Amino acid sequence: MTTTAGVSPSQTTTGGDSGAFLRTVWNSYILRKLFRTFITIFVVTTIIFFLIRLLPGNPIEIYVNQLVVTYGIPYHEALDQAAALFAIDLNQPIGLQYLSYLQNMVKGNLGMSVLSPGTSVTEVIVRFLPWTLFSVGMGLLISFVIGITLGVMMAYRRDSLLDHVLTVFSSIMSSVPDFLVGLMLVVWLGVQWKVLPIAAMRGAYSSGMQPGLNFAFIQDAFFHAALPVSTYVLTSVGFWMLSMKSNTISALGEDYVTVAKARGLKESRITSAYVGRNAMLPMFTILTIRIGFVVGGSLLVEQIFEYAGIGRMLGQAIGQRDYTLMQGIFLIITFSVITANFFADILYGWLDPRIKVGAQE
Amino acid sequence: MTAQSVSNNPLRRIVSSIGTSLRLLTYNRVGFIGFLAVVAVVLLSYVGPVFIPLDTKTKIDLIYHTPSMEHILGTDHQGRDIWSQIVNGGKGVIYVAFLAALISTIIAVTFGTLSAFVGGWLDNLIMSLTDIILTIPQFPLLAVLAAFVSLNSLTFLGVLMGLLNWPALLRAIRSQALSLKQRDFIEAARALDLGTWHIVFREMVPNMMPYIIVSFTLGMTSAVYQQAGLVFLGLVPISGGNWSVMIQLAWVRGAIFSKDSVWYIMAPILAIAIFQLALITMTRSLELIFNPRLRSNE
């Protein structure tokens, strides 16, 4: 912390060009985050490799044995088939297998689905991932905006009726698991009161619709995403509201706000530039945690509405023990969350220059 | 016995710290109601089954009956009493949540406090590891793991969740410990060279006790969520009464699409929701205790 601050102003250090270069790289906020992102992806891939290849009774072993016992295929051929499915060369020593697995991963070769022959995992991901990104992204965005706005209002009108009603609402909504909220939407809106055509809202878009950038299709996509998105919004918004409320109250007590008031600044300017901006900052670190949570929830929520996204595919793959599909989807979900985290971090660094300097805490 | 040796007794410190927290708990009405609700649900789930045994008899003439004096929550798809299933279905849920929260809190408190207190490379190492695990979406990871290892025992499920759920708690504990580290009595303990172990577990941890309880209840809520989700996906082959299993059965058998079965599906959902809400309101009131700016407005 202090050493970097002492060294950075001049280039008088004896480390020479390469040392200075390395230090600049290390001190760069973005590069440090990028480095951490890569490490995380590496760790996840390694865990997956360990699970499918090294654990006793792992899926590859089971698959090979199954081919040999049930279909009478010679062991070597069975091994070759498994190798093709899992995108791991099984004839090499384990270390090299790991390297070739990583290599395939980088090339985007995630193997083939075990249960639906001829379908590559990448194909499945390309087909279903966009819908999850669309619905989860929409859900996060809408709940973030509504939650921030209402949170500030709650902080400014503390102990008003609005504050009490919203506090009760958000406490309830943030404590009920998201997929149970989804289930209740189906039970009440779809079955008991028959307000919504639940059956027609299944899938990502109506059958017969040609995906394209026309109004009818976009309208249809929103129609099908409405229930998952509402579920994400309902279950997340309370969380944002309460966090924003407490952040705003903290910011209101800061000296710089008192000073701003003493200087006779306009109330609107104090609210936006002095209170709002500072209260917003911690929300971005929460956003990074929240993204992963909502994406995880999509695994269950998409199941309930039968929304054709990657979460539902993962649920199916797990249920049917389609190991290649499962690992591929899990990797891509993790990858999406890590990427989203990376951008949230960058955004945070851009909004709050203090943390870019390298002083942690 | 001198006064000094009494105050150094860690057990007594922890007990008195919990006593203080309980007293502060009653200051906030909503939080106290949450606390009472948690106690009620736990009592119902652990003492209730003694008085209300699980109804396992199939009664064809009683399928999907609405609440009556005899069956206060109605009956399910086999004519069995729903209330008895609710009473008998909480034990497993609470046990798993408690176990998972206990394990993750112990990990979070130990390493979070050490990380904050020792600092330097240890802090860097622990925090990097925490950030890495934190970015991996927990629930999909659990679900994928469940496909590889059979989660057929509640204890194993609780331990597995406990081993995965600590990162968010660790960050919270660490930031709390960082602010505690600046306080005079910790400085004094360091000046006296009392040793890392002593300072961390006898000076810092007891002072964070109420805060640790907040983390613990939050850990329980996420464990309740995760186990309900895993059961819903059919990844936890548990038979017998359990709120999560009830929801899953209602879903798998298509009971949610039947107009008469609303009591059957809503009862376990509400049981889980009420338990979660009770835990969280209890936490909210604990949060108030630690943010004096919020408390002054009560």
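Because the structure is predicted, anything quoted here is derived from the model rather than measured. Protein chains get the first letters and strands the later ones, always in sequence-line order, with residue 1 at the start of each.
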Would you mind checking which part of Ile291(A) comes under 4.5 Å of any heavy atom in chain B, side chain (CB onward), backbone (N, CA, C, O), both or neither?
-> neither

Give, as side chain, backbone, both or neither, the part of Ser222(B) having an atom under 4.5 angstrom from any heavy atom of chain A.
-> neither

Heavy-atom distances under 4.5 Å only: say whether Thr221(B) touches chain A with side chain, backbone, both or neither.
-> neither

Is it the side chain or the backbone of Leu141(B) that comes within 4.5 Å of chain A heavy atoms, both, or neither?
-> both

Roughly how far, to the nearest 0.5 Å, is the CE atom of Met184(A) from the CD1 atom of Ile269(B)?
-> 5.5 Å

Can you tell me how far CD1 of Ile318(A) sits from CZ of Phe148(B), rounded to the nearest 0.5 angstrom?
-> 9.0 Å

Measuring heavy-atom distances to chain A, does Ala146(B) have an atom under 4.5 Å in its side chain, in its backbone, in both, or in neither?
-> backbone

Is any side-chain heavy atom of Ile272(B) less than 4.5 Å from a side-chain heavy atom of Pro177(A)?
-> yes

Please look at Leu314(A) and chain B and tell me whether the side chain, the backbone, both or neither of the residue comes under 4.5 angstrom of a heavy atom of that chain.
-> side chain

Can you measure from CD (Gln276(B)) to OG (Ser171(A)) and round to the nearest 0.5 angstrom?
-> 13.5 Å

Indicate yes or no: at least one non-hydrogen side-chain atom of Phe232(B) is less than 4.5 angstrom from one of Leu180(A).
-> no

Do Phe330(A) and Ile136(B) have side-chain heavy atoms sitting under 4.5 Å apart?
-> yes

Not counting sequence neighbours, which residues clear salt bridge (charged side-chain N to carboxylate O under 4.0 Å, His left out) with Arg321(A)? List them please.
-> none

Could you check which of Ile304(A), Asn341(A), Leu252(A), Val186(A) has the highest count of heavy-atom pairs closer than 4.5 Å to chain B?
-> Ile304(A)

Taking side chain as C-beta onward, heavy atoms only, is Leu233(B) less than 4.5 Å from Leu299(A)?
-> yes

Part of Ile274(B) within contact of chain A (heavy atom distance under 4.5 Å) | neither

Selection from Val43(A), Leu183(A), Val295(A) maximising heavy-atom pairs under 4.5 Å formed with chain B | Leu183(A)

Assess whether atom CZ of Phe239(A) is packed by more than 12 heavy atoms of other residues, nucleotides or ligands within 6.0 Å.
-> yes

Measure Phe335(A) against the heavy atoms of chain B and call it side chain, backbone, both or neither at under 4.5 Å.
-> neither

Taken to the nearest 0.5 Å, the spacing of Ile265(B) CD1 from Gln192(A) CD works out to 10.5 Å

What is the distance from atom CD1 of Ile132(B) to atom OG1 of Thr40(A), rounded to the nearest 0.5 Å?
-> 4.5 Å

To the nearest 0.5 Å, what is the distance between CD1 (Ile280(B)) and CD1 (Ile172(A))?
-> 11.5 Å

Region of Tyr225(B) in contact with chain A, defined by heavy-atom distances below 4.5 Å = both

Provide the closest heavy-atom pair for Pro140(B) versus Gly296(A) in the form atom of the first, atom of the second, distance.
-> CD-CA, 3.5 Å

At a heavy-atom separation under 4.5 Å, does Thr37(A) approach chain B through its side chain, its backbone, both, or neither?
-> neither

